[in-house]
2 protein chains.
Amino acid sequence: MKTLPGTFPGWRGEVKIVTIKEIAKYMDVSVSTVSRALNNHKDINQDTRKKVLEAAENLNYRPNSIAKSLIHNKTYTIGLMVPDIADPFFSSIAVGVEESLTDKGYQIVYGNTNRTRQKEKNFLESVLDRKMDGVIITPDNLDHEIITLIQNLEIPAIFLRRRTPDALNLPFIDVDHYSGAYKAVHHLLSKGHERIGFIGMTKESFISNERLRGFKDCMHQHHIHTSGKEIEIAGRTIESGKHAMQRLFEKNPDITAVFASNDLIAIGALEWLAQYNLSVPGRVSVIGFDNLELSSLYWIQLTTMAQPRKKMGRMAASMLLDLINGSENRESILLEANLIKRRTS
Amino acid sequence: MKTLPGTFPGWRGEVKIVTIKEIAKYMDVSVSTVSRALNNHKDINQDTRKKVLEAAENLNYRPNSIAKSLIHNKTYTIGLMVPDIADPFFSSIAVGVEESLTDKGYQIVYGNTNRTRQKEKNFLESVLDRKMDGVIITPDNLDHEIITLIQNLEIPAIFLRRRTPDALNLPFIDVDHYSGAYKAVHHLLSKGHERIGFIGMTKESFISNERLRGFKDCMHQHHIHTSGKEIEIAGRTIESGKHAMQRLFEKNPDITAVFASNDLIAIGALEWLAQYNLSVPGRVSVIGFDNLELSSLYWIQLTTMAQPRKKMGRMAASMLLDLINGSENRESILLEANLIKRRTS
DNA sequence: CTGAAAGCGCTTACAG
DNA sequence: CTGAAAGCGCTTACAG
């Protein structure tokens with residue numbers, strides 16, 4: 001493509017940006033009148049209003065939203081802090097948020113944090129300085145300084161896929177990991193399994209631990225003893241799930257089912273089982289958690305617990321809107337995960 | 001979690017937002033002095049500066065970026081228009097864009113369009129009204145009105161993963177689909193294949209057609225005749241790839257290799273081949289395009305052409321920054337796709 | 001080096 | 001119904 005040197009097409013070119021002042025001069029009325037006409041204020045003669053609107057149209061007038069923001073102390077922008085927008089989990093949520101807010105005239109400013117403290121802090125400060133109207137956050141570093149920052153934001157904030165720390169009186173929206181895990185294990189039990197292994201993410205992960213709690217409680221309530229030997233820790237990758245599956249199986253060669261705390265780990269487990277020719281679900285059943293796109297592939301067909309991702313995004317958005325519009329309701333919400341039965345169990 | 005009724009923690013509460021006016025009053029100096037101190041202007045006594053900074057710190061002062069924007073006509077926000085942020089292709093790009101811009105103090109406003117005209121238009125208008133400093137767009141509806149809108153944006157704009165329409169003098173950044181396809185086919189030829197099928201996305205897709213062009217040119221330059229019978233059209237899904245593979249194979253039972261115009265289609269083809277026990281790559285080799293995360297799975301191991309996604313995002317961001325900073329260089333860029341050899345070929 | 005004044009683009013009591 | 005004035009929070013010539 002050939003490019004000509006010079007300014008941008010349209011830049012300081014064809015369509016000059018015009019202000020209400022210029023409309024006023026052009027029409028020989030005051031800026032107040034123009035403003036009133038443009039905003040359909042009651043104190044305006046409908047005739048002059050029509051003329052102003054026409055002039056605005058002709059001159060290609062567009063209101064400067066920055067100026068409006070300064071006056072109304074409202075920017076119609078919402079901050080969305082996510083650990084990683086390339087993680088399909090969060091990108092789905094982002095779609096939900098976007099769908100709900102964009103129609104109401106809000107725009108979304110998103111910030112990837114990569115789970116780093118510095119980026120979380122920077123984003124929150126940006127939210128503050130830019131006078132955003134609300135914020136939806138998924139922070140991973142909730143130390144004192146960050147908590148204070150959130151507290152002083154002065155705007156409605158919602159924790160998404162996180163639980164609000166005690167020090168903060170803010171609502172959250174999350175999946176009920178505990179009951180989801182309980183359901184998953186119950187499904188395995190109902191299929192007749194008793195020797196069931198669990199693979200967690202990391203020792204520190206709240207989500208992983210909630211799912212472990214669901215696993216244990218369900219087992220115990222069905223009078224099945226857990227020794228701890230059937231619990232293994234993986235990590236965040238398919239590869240880590242594969243290794244964890246190996247360790248789990250070596251320690252418990254008699255297990256007939258595995259509850260992996262997320263789909264990536266479950267897929268790693270499936271991979272190891274496939275490599276060692278252990279048939280699924282014949283020899284070992286597998287259930288995951290998340291219902292990633294991957295999991296429905298022909299070769300995988302993983303039974304798993306689906307988290308309502310888009311719905312979470314939409315609900316967070318509408319909760320936030322309510323708060324922005326003055327609602328006092330700050331009830332947190334736990335959404336249920338649903339069993340998706342497929343081949344592996 | 002229990003919530004107390006009332007205002008937000010911090011809302012009109014603990015930390016009042018303070019303005020330079022209040023700092024000025026508090027220190028008994030003029031706002032001009034405060035402003036100069038805060039901005040480290042040269043005409044300021046270092047002593048008073050220090051005191052002002054201290055006061056600002058104590059009063060928890062934060063500059064109002066809206067007010068700054070109004071004066072400087074610069075908002076430090078960039079628009080990012082994507083068809084669908086939940087599409088891993090675009091979310092990777094978004095990460096690249098974010099990484100490059102966020103350090104420079106820019107924030108990214110993103111807009112999902114779902115490829116609808118109305119949403120593209122709304123987003124562009126929002127870019128205009130909100131005085132964003134630049135925009136990166138992936139539009140699908142380039143009719144006259146939209147083109148005019150882009151033209152009148154008055155700010156630097158970059159087409160991402162699209163080619164700029166003739167009417168617009170704006171740079172684009174895209175992958176060289178033609179040469180990528182050429183390389184893919186060349187790879188198959190080098191493996192000894194001659195009867196190669198092609199599965200495209202849709203008849204109208206520019207990208208698909210470029211890849212088809214690469215297919216044909218490579219075949220012809222190696223003196224292999226293409227009759228058209230070995231060309232099949234799928235769609236945007238795995239399912240469509242599966243059906244297309246079936247049609248392709250029924251028409252051309254003697255083919256030994258397939259170039260699918262994207263990975264989703266290739267995976268659909270693999271699925272069909274697996275169902276009919278046609279071994280890959282023994283009986284049929286398959287190559288895709290995109291290098292999705294899916295494609296590297298144990299069960300799939302798809303040979304494919306990788307598009308440098310994050311890099312595209314980063315390059316678009318840095319190009320845009322250059323333009324914002326006054327660069328005259330509006331050279332478009334075509335990035336090369338790279339062959340990722342895996343099991344299926 | 002400091003302050004008073006004008007201004008960014010808009011809104012909105014206030015007076016007429 | 002209309003206009004002049006003050007103001008949103010900040011910056012920046014201009015004068016001293």
Side-chain angles (χ1 to χ4, degrees), chain A residues 12 15-53 55-56 59-77 105 126 128-133 154, chain B residues 12 15-53 55-56 59-77 105 128-133 154-155:
Chain A
R12 288 152 223 271
V15 182
K16 204 200 152 239
I17 265 303
V18 86
T19 66
I20 63 166
K21 204 165 159 185
E22 292 168 278
I23 300 184
K25 197 183 331 174
Y26 175 79
M27 294 193 54
D28 208 32
V29 294
S30 74
V31 292
S32 340
T33 299
V34 175
S35 174
R36 278 188 278 252
L38 258 17
N39 294 296
N40 201 8
H41 193 279
K42 74 203 76 165
D43 290 344
I44 188 79
N45 180 304
Q46 285 304 313
D47 242 40
T48 57
R49 173 156 185 263
K50 218 158 279 172
K51 278 180 207 152
V52 169
L53 257 34
L59 298 177
N60 226 295
Y61 171 78
R62 294 238 116 214
N64 183 327
S65 64
I66 304 296
K68 289 200 173 195
S69 292
L70 191 58
I71 293 169
H72 294 125
N73 206 15
K74 178 148 175 89
T75 57
Y76 284 96
T77 73
S126 186
L128 185 59
D129 296 347
R130 287 163 182 268
K131 310 292 173 195
M132 300 189 195
D133 297 336
E154 308 189 292
Chain B
R12 287 151 223 270
V15 181
K16 203 199 153 241
I17 264 304
V18 86
T19 66
I20 62 167
K21 204 165 158 185
E22 291 168 278
I23 300 183
K25 196 179 341 168
Y26 176 79
M27 294 192 54
D28 209 32
V29 294
S30 75
V31 292
S32 338
T33 299
V34 175
S35 174
R36 279 188 278 252
L38 258 17
N39 294 297
N40 202 7
H41 194 278
K42 76 204 73 164
D43 291 344
I44 187 80
N45 180 304
Q46 286 304 312
D47 241 40
T48 57
R49 172 154 187 265
K50 218 158 279 173
K51 280 181 205 153
V52 169
L53 257 33
L59 298 177
N60 225 296
Y61 172 76
R62 294 239 116 215
N64 183 327
S65 64
I66 304 295
K68 290 201 173 194
S69 292
L70 190 58
I71 292 168
H72 294 128
N73 208 15
K74 175 143 177 93
T75 56
Y76 283 97
T77 74
L128 184 59
D129 295 347
R130 287 163 183 266
K131 310 292 172 196
M132 300 189 195
D133 297 337
E154 308 188 293
I155 54 167

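On a predicted model such as this, the values are computed, not experimentally measured, just so you know. In the text below, chain A, chain B and the rest are named by the order of the sequence lines, each starting its count at 1.
- Between the side chain of B:Arg130 and the backbone N or O of A:Thr75 there is at least one donor-acceptor pair closer than 3.5 Å.
- Heavy atoms of A:His72 sit under 4.0 angstrom from primed sugar atoms or phosphate atoms, though from no base atom.
- Looking at heavy-atom distances under 4.0 Å, A:Thr48 makes contact with sugar-phosphate atoms alone, never a base.
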Legend entry - Dot-bracket pairing map - DNA chain C, Watson-Crick plus G-U, both contacts under 3.5 Å, | cross-strand: |||.||||||||.|||
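- Checked options A:Arg49, A:Lys51, A:Lys50; the residue passing with A:Leu53 is A:Arg49 (criterion: side-chain contact (heavy atoms from CB on, under 4.5 Å)).
- The closest side-chain heavy-atom distance from A:Asn39 to A:Ile44 is not below 4.5 Å.
- Here B:Asn73 lies out of heavy-atom contact (under 4.0 Å) with every strand.
- Side-chain contact between B:Ile71 and B:Lys68 is absent, with no heavy-atom pair separated by less than 4.5 Å.
- Annotation: C:dC10 and D:dC1 have their P atoms spaced 24 Å apart (nearest Å).
- First and last contacts of DNA chain D with chain A, using any nucleotide atom under 4.0 Å from a protein heavy atom and ordered 5' to 3', fall at D:dC1 to D:dG9.
- Using a 4.0 Å heavy-atom criterion, one finds that A:Asp43 contacts the bases of the nucleic acid, with or without backbone contacts as well.
- Between B:Ile23 and B:Leu59, the closest heavy-atom pair is CG1-CD1, 4.1 Å.
- Nearest heavy atoms, A:Lys21 versus A:Val31: CA-CG1, 3.7 Å.
- Nearest heavy atom pair, residue B:Asp133 against residue B:Ile155, reads O-CB, 3.8 Å.
- Here the OG1 atom belonging to B:Thr48 is positioned 9.5 Å from the CZ atom belonging to B:Arg36, to the nearest 0.5 angstrom.
- Using a 4.0 Å heavy-atom distance criterion, A:Thr19 is classed as a sugar-phosphate-only contact.
- Counting heavy atoms from C-beta outward, A:Ile17 and B:Lys131 have side chains that approach closer than 4.5 Å.
- Using a 4.5 Å cut-off on side-chain heavy atoms (C-beta onward), B:Val18 and B:Tyr26 make no contact.
- Only the P atoms considered, D:dA4 is 15 Å distant from C:dG7, to the nearest whole Å.
- Backbone-only engagement by A:Ile44 is indicated by non-hydrogen atom pairs under 4.0 Å involving sugar-phosphate atoms exclusively.
- For the segment residues 20-32 of chain A, residues with any heavy atom less than 4.0 angstrom from an atom of DNA chain C are, sorted by number, A:Ile20, A:Lys21, A:Ser32.
- Looking at which nucleotide of DNA chain C each of A:Val18 and A:Arg36 is closest to, the 5′-most match is held by A:Val18.
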Legend entry - Step-by-step side-chain contact (heavy atoms from CB on, under 4.5 Å) determination, A:Leu38 to A:Ile20: CA-CA 9 Å; A:Leu38 258 17; A:Ile20 63 166; 3.7 Å; yes
